[in-house]
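Owing to the predicted nature of the structure, the values given are computational and were not obtained by experimental measurement.
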Amino acid sequence: FFDNNPKDPPDYLIGEGVMQDGKPYRYMFKPSLDGESPDCYDKKPRFDDPHSASGVGNHFFYLLSEGAVVPASYRAELVKADLVCNGDIDLTRITNKVAAQVWYRAITLYMTSQTGYPKAR
């Protein structure tokens, strides 16, 4: 979003230009679309792959930024309820600029290298 690259319009998809099949490597609005990343925090999550486990943080950022809004190109296959973990489809966005400020403050002021998911949550 901040780069505003016309060759890669802002879309909350990660790595779509890297993968050979043209599909994104990560979907911030619904991480589980990659087939392995969790969408939501779970007390007993699979953390065998830190890249897949990043789906929870990616999803958090998307929901802060956009609220429970299905991206236009995915409206045929997803509904608002598919994006949220607690059923709150009225989740209101705060914009990605403010979400970035919240996330930056959290990781620089409150989290350390020893912070796990329970503390981050």
Side-chain angles (χ1 to χ4, degrees):
F1 283 86
F2 296 101
D3 187 28
N4 201 18
N5 182 348
K7 293 181 182 179
D8 185 15
D11 56 13
Y12 295 100
L13 300 174
I14 300 171
E16 65 272 31
V18 177
M19 301 300 283
Q20 290 184 355
D21 60 7
K23 291 182 180 178
Y25 195 61
R26 299 275 182 259
Y27 302 78
M28 293 179 73
F29 54 90
K30 180 84 174 147
S32 62
L33 288 176
D34 69 10
E36 60 184 62
S37 297
D39 291 329
C40 307
Y41 172 78
D42 185 344
K43 288 183 180 182
K44 293 186 179 182
R46 297 176 319 151
F47 288 127
D48 51 340
D49 178 5
H51 299 283
S52 297
S54 71
V56 175
N58 290 337
H59 193 210
F60 166 77
F61 185 84
Y62 178 81
L63 291 174
L64 278 178
S65 298
E66 301 297 327
V69 175
V70 178
S73 58
Y74 287 85
R75 289 187 184 144
E77 56 192 277
L78 298 172
V79 296
K80 285 183 173 190
D82 294 328
L83 300 185
V84 296
C85 302
N86 63 358
D88 187 3
I89 60 169
D90 295 322
L91 189 65
T92 304
R93 66 177 281 190
I94 63 172
T95 75
N96 65 15
K97 182 177 181 179
V98 176
Q101 292 169 338
V102 168
W103 194 242
Y104 181 80
R105 183 171 173 84
I107 64 174
T108 59
L109 188 62
Y110 298 106
M111 296 183 199
T112 69
S113 61
Q114 301 303 310
T115 302
Y117 270 90
K119 293 252 187 210
R121 182 169 188 249

Provide the closest heavy-atom pair for F61 versus A100 in the form atom of the first, atom of the second, distance.
-> CE1-N, 3.4 Å
Is V56 reachable from W103 through a run of hydrophobic residues whose side-chain heavy atoms are each under 4.5 Å from the next?
-> no
Using the side-chain contact (heavy atoms from CB on, under 4.5 Å) rule, take E16 and D8 through it: C-alpha gap first, then chi angles, then the decisive distance, then the call.
-> CA-CA 9 Å; E16 65 272 31; D8 185 15; 3.0 Å; yes
Atom CZ of F2 with >12 non-hydrogen neighbours under 6.0 angstrom = yes
Write down the atom of M111, the atom of A120, and the distance for their closest heavy-atom approach.
-> CE-CB, 3.8 Å
For the atom pair CG (L64) and CD (Q101), what is the distance rounded to the nearest 0.5 Å?
-> 12.0 Å
Flag yes if more than 12 heavy atoms outside F1 fall under 6.0 Å of its CZ atom; otherwise flag no.
-> yes
When you measure from the side chain of R26 to the backbone N and O of G15, does any donor-acceptor pair fall under 3.5 Å?
-> no
Non-hydrogen atoms of I89 and A68 that approach each other most closely | O-CB, 3.5 Å
What closest approach, in Å, do M28 and I14 show between heavy atoms, and which atom pair accounts for it?
-> CG-CD1, 3.7 Å
I107-F60 co-clustered via ILVMFWY side chain contacts under 4.5 Å | yes
Taking H59 for its side chain and L83 for its backbone only, find out whether a donor-acceptor pair lies under 3.5 Å.
-> yes
Nearest heavy-atom neighbours spanning S37 and P31 = CB-O, 3.5 Å
Parallel, tilted or perpendicular: which describes the rings of Y62 and Y12, with under 30° parallel and over 60° perpendicular?
-> perpendicular
Using the side-chain contact (heavy atoms from CB on, under 4.5 Å) rule, pick out the option among D39, L63, L13, V70 that qualifies with F29.
-> L13
Grab the two heavy atoms, one from R93 and one from E66, that are nearest each other, plus how far apart they are.
-> CB-C, 3.2 Å
Rounded to the nearest 0.5 Å, how far does CG of D90 lie from NZ of K80?
-> 6.5 Å
So, do Y27 and N58 sit near enough that their side-chain heavy atoms are less than 4.5 Å apart?
-> no
